[in-house]
Amino acid sequence: MGYRILETHDIPAYLGERGHWDDLTDIRVREVSDGNMNRVFLASCADGTRSLAVKQALPWVRVAGPSWPMSPDRADAEARAYRQVARVAPDKIPVVHGYDPENHALVMEDMSDLRVLRTLLDAGGAYGPHTSARIGEFVAQFSFATSDFGMPSAERKALVAESVSPELCKITEDVVLSEPYVEHEHNHWHPGLDDLAAALRADARLRTEVADLRHTFMTAAQALLHGDLHTGSVMVGTREGAPVVRVFDPEFSFVGPIGYDLGLYWANALVSEERARALGALSDHAEQLRLSWEAFEGGFRRLWPSRVDTFFDDAYLDRFLRRVWTDAVGYAGTEIVRRVIGFAHLTDLTTLPDPVPASRRALLLGRELIVRRGELTDVTAVRALVASLG
Ligand code: SR1
Ligand code: MG
């Protein structure tokens, strides 16, 4: 039949055809699309005892419409990432009930009982005690398993080959790692940031450091990444009294530098801190960097003895982890900058009564994280940098 764009009224028959739903007289569907890229529908029965989510990639960027075409093949990357994570950390992603490559649609666990971490933080909620540690564990488990440490050489090369994702990587190379530093129609910002936006564009040292991070993004095939691990890609909540953290939406997945995933999470934690500060709330979201880094480093070190290639010795592990840290600090900076003056902004800042003071601090912080990433060697140094912004 070929690819067809699913509308809300198509979902019952679609779930029936795919063998996910038996009683088509008892199904109600609503669209809950939220992110920049795709459509999401929730199907449930009247008494609420059964529900499923259907996510479909459109042939364009959802928020831009057909004027920004984009292959729906990105859903293949998402399905592949979920398959790889399911091998090593199934408790940290939604249950995937099926993937339909013809329609680029995933049928997944309904997570509407959980909350998107960004939404929770925007509303003044706090990080749960386990959230950032789970994120760090997730990155450790997923990255180790899909690196040359966790996978035999031939299998790993096959994974690298099948995970090439040129279109989605190009989005990141453009909207995150170059456009904010040049004139581009995608860029926009509050007029109160005009001077800082101009200064960032004129900053030759910054440009070279971003170029370095961009080239690392293009060439460092360290492990399969989530590729867009911001606080809008994390759901949190409680089930049967236990904390639940789920990472979702890995459509930007590709084999790249591990620090990119950590850096995106950190950037969003730091921007969220600026929001809290602007609203007069005491907060130290740099603590989330510490919790996620310690869980990542601890997890990676615990997995190290199981590495498949023992030519990589313990001294190399120390060096490798140091590189991941430094990359993550730099990528955190690029994520902050692009979220303030690039294409896709953050509600953390845009919904503030006056977004300018917090956005200015965020831009200054982003610049320093990029340029000084080599000297910001631990969380204390990052915290001191945040404090130095005044
Ligand atoms: C055109 S896409 C802009 C952003 O949305 C996605 O969620 C990614 O973060 C991407 O950079
Ligand atoms: Mg997304």
Side-chain angles (χ1 to χ4, degrees), residues 32-41 53-82 85 93-94 96 104-106 108 111 114-119 135 138 165-181 184-189 210 213-214 217-218 225-235 246-254 256-257 260-269 271-272 331-350 366:
V32 293
S33 307
D34 183 32
N36 293 320
M37 306 289 287
N38 307 297
R39 271 196 179 160
V40 181
F41 303 91
V54 180
K55 174 176 178 179
Q56 186 180 39
L58 298 171
W60 50 73
V61 174
R62 188 182 70 85
V63 292
S67 67
W68 190 339
M70 183 68 46
S71 166
D73 290 350
R74 59 187 183 270
D76 299 359
E78 178 160 359
R80 183 164 49 239
Y82 278 137
V85 181
I93 52 171
V96 176
H104 304 288
L106 281 152
M108 297 188 294
M111 299 192 292
L114 307 177
R115 290 187 80 184
V116 174
L117 178 56
R118 185 188 312 288
T119 312
I135 297 299
F138 166 83
S165 181
E167 253 190 315
L168 276 284
C169 283
K170 183 76 166 65
I171 290 187
T172 302
E173 289 157 19
D174 291 348
V175 304
V176 184
L177 296 168
S178 60
E179 286 172 7
Y181 307 92
H184 196 285
E185 61 184 1
H186 284 160
N187 296 332
H188 58 106
W189 56 80
V210 174
L213 288 162
R214 187 169 187 258
F217 179 88
M218 292 164 148
L225 309 185
H226 176 283
D228 199 23
L229 189 45
H230 52 74
T231 46
S233 297
V234 178
M235 299 203 78
R246 295 279 186 273
V247 175
F248 68 108
D249 217 9
E251 68 193 310
F252 282 79
S253 182
F254 77 111
Y260 191 75
D261 272 356
L262 289 169
L264 256 63
Y265 185 70
W266 295 356
N268 283 265
V271 170
S272 178
Y331 288 124
T334 60
E335 169 72 356
I336 291 174
V337 170
R338 74 97 169 203
R339 293 297 195 177
V340 181
I341 61 171
F343 174 71
H345 292 195
L346 298 178
T347 52
D348 313 46
L349 297 174
T350 57

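Read the numbers this way: they start at 1 and go in the same order the structure lists the ligands and their atoms.
Taking every non-hydrogen atom of Trp68 and a distance limit under 4.0 Å, the qualifying atoms of ligand 1 come out as 1 (C). Within ligand 1, the atoms closer than 4.0 Å to a non-hydrogen atom of Val175 are 11 (O), numbered from 1 in the order shown. Near Arg339, meaning under 4.0 Å from any of its heavy atoms, are these atoms of ligand 1: 9 (O).
Aromatic ring pairs are classed by plane angle as parallel below 30°, tilted from 30° to 60° and perpendicular above 60°; the pair Trp68 and His186 is parallel. Aromatic ring orientation, His188 versus His345: parallel (interplanar angle below 30°, classes split at 30° and 60°).
Checked options Arg62, Gln56, Arg74; the residue passing with Asn38 is Arg74 (criterion: side-chain hydrogen bond (donor to acceptor under 3.5 Å, both in side chains)).
Restricting Asp249 to its N, O or S atoms, the one at the least distance from the Mg ion (ligand 2) is OD2.
Neither the backbone nor the side chain of Glu335 has any atom closer than 4.0 Å to an atom of ligand 1 (non-hydrogen atoms only). Residue Arg62 does not touch ligand 1, judged by heavy-atom distances below 4.0 Å.
Remark: side-chain polar atoms of His104 are paired, donor with acceptor, to backbone N or O of Pro72 under 3.5 angstrom. A donor-acceptor pair is defined here as one N or O able to donate and one able to accept, closer than 3.5 Å; such a pair exists between the side chain of Ser233 and the backbone of Asp228. No side-chain donor-acceptor contact under 3.5 Å links Arg339 to the backbone of Val271. The backbone N or O of Glu173 lies less than 3.5 Å from a partner atom in the side chain of Ser178, making a donor-acceptor pair.
Every heavy atom of Thr172 sits 4.0 Å or more from the atoms of ligand 1. Residue contacts with ligand 1 do not include Glu251, since none of its heavy atoms lies under 4.0 Å from the ligand. Ligand 1 lies less than 4.0 angstrom from a heavy atom belonging to Arg338.
The protein heavy-atom contact nearest to atom 6 (C) of ligand 1 is Asp228 OD2, 3.4 Å.
Residue Asn36 has at least one nitrogen or oxygen atom sitting less than 3.5 Å from a nitrogen or oxygen atom of ligand 1, judged on distance alone.
You'll find the side chain of Thr334 reaches within 4.5 Å of the side chain of Tyr181, heavy atoms only.
Taking backbone and side-chain atoms together, Glu251 has no N/O/S atom less than 2.8 Å away from the Mg ion (ligand 2).
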